[in-house]
Participant: 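Let me begin by handing over the structure; questions about it come next.
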Protein chains: 2
Amino acid sequence: MPGSEYQDVRKLNLFSRMADENFASLMRGAYVQNFPAQMELITEGDPSDFFHIVISGSVDLFSSWNGRETSMATVRPVSTFILAATIKDAPYLMSARTLEKSRIALIPSQDVRAVFDADGNFARAIVTELAQGYRSVIRAQKDLKLRTSLERLANYLLRQQKHAGGGAVFELDFEKRRLASVLGMTPENLSRAFKSLQPYGVAVNGTRITIGNQADLEHFAKPNPLIDDHSS
Amino acid sequence: MPGSEYQDVRKLNLFSRMADENFASLMRGAYVQNFPAQMELITEGDPSDFFHIVISGSVDLFSSWNGRETSMATVRPVSTFILAATIKDAPYLMSARTLEKSRIALIPSQDVRAVFDADGNFARAIVTELAQGYRSVIRAQKDLKLRTSLERLANYLLRQQKHAGGGAVFELDFEKRRLASVLGMTPENLSRAFKSLQPYGVAVNGTRITIGNQADLEHFAKPNPLIDDHSS
DNA sequence: CGCAGATTTGACTAGACTCAAACTGTGTGG
DNA sequence: CCACACAGTTTGAGTCTAGTCAAATCTGCG
């Protein structure tokens with residue numbers, strides 16, 4: 001792994017406070033690979049042999065049941081996925097595939113568990129990471145159970161706008177079909193949902209969104225920090 | 001706190017391996033109280049001042065938005081809730097109320113964080129607990145996104161049947177209105193869903209369920225360990 | 001017995017999905 | 001450079017699922 005990537009990974013909250021030698025040991029055992037787009041990295045139900053770090057590109061976490069499939073989350077650089085399965089030494093609950101050409105580090109799960117036992121700072125960082133992840137999923141569940149798909153879309157747009165800097169014009173960071181799946185609806189329904197937001201000043205052109213009337217949209221979306229604030 | 005309760009709490013996975021003195025210290029600072037039914041213990045958005053342990057009774061975790069409310073989970077003895085908020089020192093994402101007369105221990109969150117920093121075994125237990133909780137919520141999310149309400153009910157019945165010992169006749173452990181909310185539907189819809197399961201051999205009498213044709217119901221429900229297995 | 005709350009039923013509406021067809025936009029080969 | 005192919009998106013029509021509102025029924029309990 002090149003030094004700049006090594007440093008990027010080292011800077012992650014998960015790794016930043018652990019002992020140098022423990023981090024080095026983890027990285028020594030890591031396999032760093034470039035994957036093409038649409039490559040299935042892990043399959044739900046498989047044993048969690050590796051902890052994954054996305055160095056570049058992006059990864060879709062998804063699940064299937066009875067012929068249906070849904071997108072659970074997207075992982076972007078530089079961050080990690082399936083920590084909980086690694087720690088519990090339990091089967092993956094989600095599958096993962098690359099959305100584009102991606103560079104991924106794979107760390108043997110047993111190495112992670114060994115260092116977890118040995119390095120208190122790493123263990124504490126894991127706790128913070130898991131607590132954060134747990135709260136994120138709770139927020140997602142509230143979003144799903146308390147809002148209609150139109151409300152979820154409106155709030156997603158406001159979150160994405162904020163994430164993109166707050167301007168009236170910004171880009172979606174999802175392909176629409178995947179956005180639909182993440183929001184828990186079909187692509188057709190998403191397309192109609194965008195139209196339904198036109199009266200609130202939302203204009204769509206490809207992946208470019210323009211929010212014409214911020215106050216109107218916010219009045220409809222009623223964003224709430226206990227659902228939409230992805231930092232706390 | 002009486003000695004028997006003290007021992008019950010001590011036996012929880014979360015506390016069983018920590019140093020005696022640290023456990024004693026946590027318990028010394030705890031407030032143990034009896035609450036009547038329908039008492040709101042915490043409100044979402046409030047700072048997470050206390051970590052909670054349900055010693056007897058039961059507690060409903062729920063969330064609200066824009067005048068709607070949904071039940072997120074039920075906590076039964078002896079177990080704990082809102083660990084993630086306590087650890088992150090962040091606002092509660094859910095509210096909690098007693099479902100019946102309940103005995104609850106409240107441990108100041110800062111005490112939990114202090115012992116977490118001092119006791120490696122406790123920190124590791126917290127990691128396991130959080131990883132478990134995280135995976136539970138992921139399963140719930142898959143249940144919500146991949147299944148219709150009828151399928152969720154069918155699978156809930158199979159889980160509950162297993163939990164109750166596996167016999168053809170068993171009791172719901174929820175009031176129906178709350179079960180509906182947990183499953184993400186209205187009480188009216190739940191009532192109709194039970195009727196729709198009659199062709200699969202499901203009979204309902206109050207909270208008493210009879211599964212007349214196990215194979216039929218399972219064929220319809222298609223239970224999946226990666227969604228329904230609440231132990232892994 | 002008679003409430004009060006919970007559940008069920010009925011009628012209707014709204015939200016969301018399915019299937020099929022039309023319409024992009026983009027990249028490729030002729 | 002254009003025509004085509006392909007994947008993604010949009011539109012249309014119809015259906016199904018789930019929610020709403022109101023009324024009827026049931027149930028536990030004082």
Side-chain angles (χ1 to χ4, degrees), chain A residues 36-38 60 64-71 97 99-101 143-156 171-199 202-209 220-221, chain B residues 36-38 60 64-71 97-101 143-157 171-199 202-209 220-221:
Chain A
Q38 306 304 330
D60 184 39
S64 307
W65 177 80
N66 195 26
R68 297 166 211 164
E69 178 180 314
T70 190
S71 193
R97 74 163 74 89
L99 291 172
E100 55 194 304
K101 205 157 96 53
D143 195 40
L144 273 173
K145 293 186 76 175
L146 290 168
R147 289 172 170 163
T148 66
S149 60
L150 195 54
E151 290 164 342
R152 290 199 293 278
L153 174 59
N155 280 291
Y156 166 79
E171 297 279 330
L172 295 177
D173 61 351
F174 284 108
E175 188 185 14
K176 282 182 190 163
R177 69 189 344 266
R178 191 169 18 267
L179 175 59
S181 186
V182 168
L183 293 177
M185 58 177 120
T186 58
E188 295 96 324
N189 194 11
L190 175 63
S191 180
R192 290 171 177 126
F194 273 123
K195 292 217 153 159
S196 304
L197 289 179
Q198 276 178 12
V202 175
V204 186
N205 191 315
T207 59
R208 171 166 260 104
I209 306 293
F220 169 74
Chain B
Q38 307 303 329
D60 185 40
S64 307
W65 178 79
N66 194 26
R68 298 166 213 163
E69 179 180 312
T70 190
S71 193
R97 74 163 75 89
T98 53
L99 291 172
E100 55 193 306
K101 205 157 97 54
D143 195 40
L144 273 172
K145 291 186 77 176
L146 290 168
R147 289 172 171 163
T148 66
S149 61
L150 196 54
E151 291 164 341
R152 289 198 294 279
L153 174 59
N155 281 290
Y156 166 79
L157 291 178
E171 298 278 330
L172 296 177
D173 62 350
F174 285 108
E175 187 185 13
K176 281 182 189 164
R177 66 185 351 262
R178 191 171 8 272
L179 174 59
S181 186
V182 168
L183 293 177
M185 57 178 120
T186 58
E188 296 95 322
N189 194 13
L190 175 63
S191 180
R192 289 172 178 125
F194 273 123
K195 292 218 154 159
S196 303
L197 289 180
Q198 277 177 12
V202 174
V204 186
N205 191 316
T207 60
R208 172 166 257 105
I209 306 292
F220 169 75

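Lettering follows sequence order; numbering is per chain, from 1.
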Participant: Give, for atom OG of B:Ser196 and atom CZ of B:Phe220, the distance between the pair rounded to the nearest 0.5 Å.
Facilitator: 8.5 Å

Participant: Measure from the side chain of B:Glu188, starting at C-beta and using heavy atoms only, and say which of C:dT18, C:dT8, C:dA16 lies closest.
Facilitator: C:dT8

Participant: Measure the distance from CG on B:Leu190 to P on C:dT8 and round it to the nearest whole Å.
Facilitator: 7 Å

Participant: Between atom CG in B:Leu179 and atom C1' in C:dA6, what is the gap in whole Å?
Facilitator: 14 Å

Participant: Is the backbone of A:Glu171 close enough, under 3.5 Å, to the side chain of A:Arg208 for a donor and an acceptor to pair up by distance?
Facilitator: no

Participant: Output yes when at least one side-chain N/O atom of B:Ser191 is less than 4.0 Å from OP1 or OP2 of C:dT7, else no.
Facilitator: no

Participant: Can you check the B:Leu99 CG to C:dA6 C1' distance for me, whole Å?
Facilitator: 15 Å

Participant: Take the protein atom CZ of B:Arg192 and the nucleotide atom C1' of C:dC12, then report the distance between them rounded to whole Å.
Facilitator: 10 Å

Participant: What is the distance, to the nearest angstrom, from the CD atom on A:Glu151 to the C1' atom on C:dG15?
Facilitator: 11 Å

Participant: Identify which nucleotide among C:dT9, C:dA16, C:dC17 has an atom closest to any side-chain atom of A:Ser149, counting heavy atoms from C-beta outward.
Facilitator: C:dA16

Participant: Which comes earlier along DNA chain C counting from the 5' end, the contact point of A:Asn189 or that of B:Pro187, where each point is its nearest nucleotide?
Facilitator: B:Pro187

Participant: For the CD atom of A:Glu175 and the CG atom of A:Asp60, what is their distance to the nearest 0.5 Å?
Facilitator: 9.5 Å

Participant: Hey, are A:Arg68 and B:Glu151 close enough for a salt bridge, meaning a charged N less than 4.0 Å from a carboxylate O?
Facilitator: yes

Participant: Find the distance A:Met185:CE to C:dT18:P and express it as a whole number of Å.
Facilitator: 14 Å

Participant: Are A:Leu190 and A:Leu153 side-chain neighbours, meaning at least one heavy-atom pair lies under 4.5 Å?
Facilitator: yes

Participant: Hey, could you give me the CZ/OG1 distance between A:Arg178 and A:Thr70, rounded to the nearest 0.5 Å?
Facilitator: 12.0 Å

Participant: Rounded to the nearest angstrom, tell me the gap between atom CD in A:Glu175 and atom P in C:dT26.
Facilitator: 14 Å

Participant: With a 4.0 angstrom cut-off to heavy atoms of chain A, pull out the first and last contacting nucleotide of DNA chain D, in 5'-to-3' order.
Facilitator: D:dG8 to D:dA13

Participant: Is any side-chain N of the basic residue among B:Arg97 and B:Glu69 closer than 4.0 Å to the acidic one's carboxylate O?
Facilitator: yes

Participant: Measure from CG on A:Asn205 to C1' on C:dT24 and round the result to the nearest Å.
Facilitator: 11 Å

